[in-house]
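One structure follows; several queries about it will come next.
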Amino acid sequence: MSGALWALTEREIKKWYRRRIAIVFTFITPLMWLALFGKSFNLLNLFRAPDDLPPDIVRTVQEVIDSIIIRAFGTTDYFTYVATGMFTVFILFTSMFSGMSLIFDRRLGFLNRLLVSPVKRETIYLSRVLATVIRSILQFTGLFIIAVALGINLGPGVGPIHILLTYLNLALVAYIFSSIFISMMLRVTEHDTAISVANLLNLPLMFASNSIFPEEQMPSWLKTVALLNPISHSNEVVRTLLVMGSLEIPMTSLAYLLVLALVSTVMGLYLSRRYLR
Amino acid sequence: MDKAIIVRNLRKVYEGGVVAVDDVSFEVERGEIFGFLGPNGAGKTTTINILTTLIPPTSGEAYVGGYKVGDQDDKIRKAIGLVPQELTADDELTGWENIYLQGSLYGLSRSEIRREGEELLEMVGLEEAADRLVRTYSGGMRRRLELVMGLIHKPDILFLDEPTLGLDVQTRAQLWNHIRRVRSEYDMTIFMTTHYMDEADKLCDRIAIIDHGRIKAIGTPEELKRMVEGDLVIIRTVNGSPLEVSLDGIPGLKDYTIDGSEIRVRVEEGEKATPAIIESLVSKGYRIRSVELVRPSLEQVFLTLTGRSIREEEALDTISYRVMMRRRRG
């Protein structure tokens, strides 16, 4: 019954764009990270060769410093590093609350309207996931424009194909996060629960990833977490495409994300059939 | 199976041991309007939730449209429509958007929904408001939209849970007309719940009176009213208990009881007996505070069956008891 799937997705999207104020608010947190943190914390500027040396030595020292920085960050511009890391974090932030509409529908009785109809329970679940993916991607466009306005340094040779692949990667991440978060909310009746879960997870998930710093310098336990964190893998893909301007997407990261998507789909479909009533 | 609904020994015990529905059995014929009448918390909505596949029964069995609840839920869901007690249309969408969404849940095409929707909106007089956000609707408009949404796929069996809850008298009467029209035009079976006596009486072909999860009686409104015989004349005096009154010779007298300053006389025809009762009270020096004539009504039936008035539950107008002459038609 694909008509029902699209109709339910459309409802979510319509409700979303009619709350224009709420859309504005979704940009505030990532904007703070980009404009305030990314710009003020531009620590890579600190590593400059002393300028009281002969010019050719300054050049050589600077080259050595840059090569060290590039090895760790992939770019000499920290803002670009943080911005590309925030893209995926932004997707996380918009996906975390995707279970909210389900809780409200349960409380307001709208869910019963769906449950007495012949529509498949999996369809109800999938429509929320699909709506979140569309919503996240549209909102990401706004963030991308802001990042460009703030002076993100896209790698040489970044073209439409790189940007398209970035979108696809972020859609995949939105799919993973929303299917996990919606699954968690299938039985929940209090919206406080959704907010608590989101607040509990958002910052840890962001810090325990390579969004703000490369995982190389992390202690091994944190590094392990960062390497399991899908945000890190998405960052790898995004930075390969946008910072390095390369199409050679790291296959382990992509494979990891695809496996997560598969697992979360199976789990979500199973749980929605079982608990959506 | 040619019955629309068959329910046998249905029981629902919620977590914590609350018995919401206790050994309920009944049958609903195809094409009739069958009403569950009872106070809030009697088990009406629980019964609807079981029959519409929302919650499983604890024990007993139920068939809706010939399909067994719990085993053939998908088939039941295709055959039924529900207009729930709460207003559950999405108020951030317009009337039409809600209708499209509802229709698509039943696999209808956009053109089918458009055609059916226009017809139904016209019937309930909502065609002009249909492009507005539901948030801007009045309570009565929202109820009508709920009805349209419940009917968009032309279900065989329509469930109405307290369809006129909280509406004013005129709007309720309008909604009753819509429900009657729906039944006759679409040849539908309607199962409804209500705690309004007049609603059950005017709208339902048959009524089951339910209280504390148990069915007390089932029958047509007339059958039920025949359970209480005669009219009831209630007279209150100003000056004390009318113990000295003699009611010999009152036409059609059945019996009477005295409770404080109140005397309740059961007679065959209230209008004829009331003057004679008043005269005999006055002749003994009692002064009358109020006179009330109660017709055989579902309200009285309910009182007789459950030992209390459905109105006590609702804590409605106690003031009306002080009205000098008051008639309640059943």
Enclosure of A/Arg277 CZ (heavy-atom neighbours >12, cutoff 6.0 Å): no
Scored by heavy-atom pairs under 4.5 Å with chain A, the best of B/Gln85, B/Arg77, B/Lys75 is B/Arg77
One should read off an interatomic distance between B/Ile48 CD1 and A/Asn112 CG, to the nearest 0.5 angstrom, of 11.5 Å
Between B/Leu93, B/Thr52, B/Asn49, which has the largest tally of heavy atom pairs under 4.5 Å with chain A?
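The candidate making the most pairs under 4.5 Å is B/Leu93.
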To the nearest 0.5 Å, atom CZ of A/Arg107 lies from atom CD of B/Glu86 at 12.5 Å
Here the gap from A/Leu115 atom CG to B/Thr53 atom OG1, rounded to the nearest 0.5 Å, amounts to 8.0 Å
Task: Gap between atom CZ of A/Phe110 and atom CG of B/Asp91 - 0.5 Å precision - done: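 Interatomic distance, B/Asp91 CG to A/Phe110 CZ, rounded to 0.5 Å: 10.5 Å.
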- Task: Under the side chain to side chain contact (heavy atoms under 4.5 Å, CB included) rule, what do B/Thr88 and A/Leu108 come out as? Steps first, then yes or no, please.
- Result: CA-CA 6 Å; B/Thr88 61; A/Leu108 297 176; over 6 Å; no
Residues B/Ser104 and A/Ala7: closest non-hydrogen pair is OG-CB, 3.0 Å
CZ (A/Arg18) and CG (B/Leu133) are apart, to the nearest 0.5 Å, by 5.5 Å
Per side-chain contact (heavy atoms from CB on, under 4.5 Å), B/Glu97 is matched among A/Arg11, A/Glu10, A/Lys14 by A/Lys14
Honestly, the part of A/Leu111 sitting under 4.5 Å from a heavy atom of chain B is neither
- Item | Region of B/Gln102 in contact with chain A, defined by heavy-atom distances below 4.5 Å |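 For B/Gln102, the contact with chain A is made by the side chain alone.
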Task: Greater than 12 external heavy atoms within 6.0 Å of B/Tyr14's OH - done: yes
Is it true that, when you exclude B/Glu185 itself, more than 12 heavy atoms of the residues, nucleotides or ligands shown sit nearer than 6.0 Å to its CD?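 Counting neighbours around CD of B/Glu185, more than 12 heavy atoms of other residues, nucleotides or ligands fall under 6.0 Å, so yes.
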For this session: Determine whether more than 12 heavy atoms belonging to other residues, nucleotides or ligands lie under 6.0 Å from atom CZ of A/Arg187.
Result: no
- [ ] Give a yes or no on this: more than 12 heavy atoms of other residues, nucleotides or ligands lie within 6.0 Å of atom CD of B/Glu122.
- [x]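 Atom CD in B/Glu122 is not crowded, with 12 or fewer foreign heavy atoms closer than 6.0 Å.
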Highest number of heavy-atom pairs under 4.5 Å with chain A among B/Asp74, B/Leu82, B/Asp90, B/Ile76 belongs to B/Asp90
- Answer yes or no: does atom CZ of B/Arg180 have more than 12 heavy-atom neighbours from other residues, nucleotides or ligands under 6.0 Å?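 Counting neighbours around CZ of B/Arg180, more than 12 heavy atoms of other residues, nucleotides or ligands fall under 6.0 Å, so yes.
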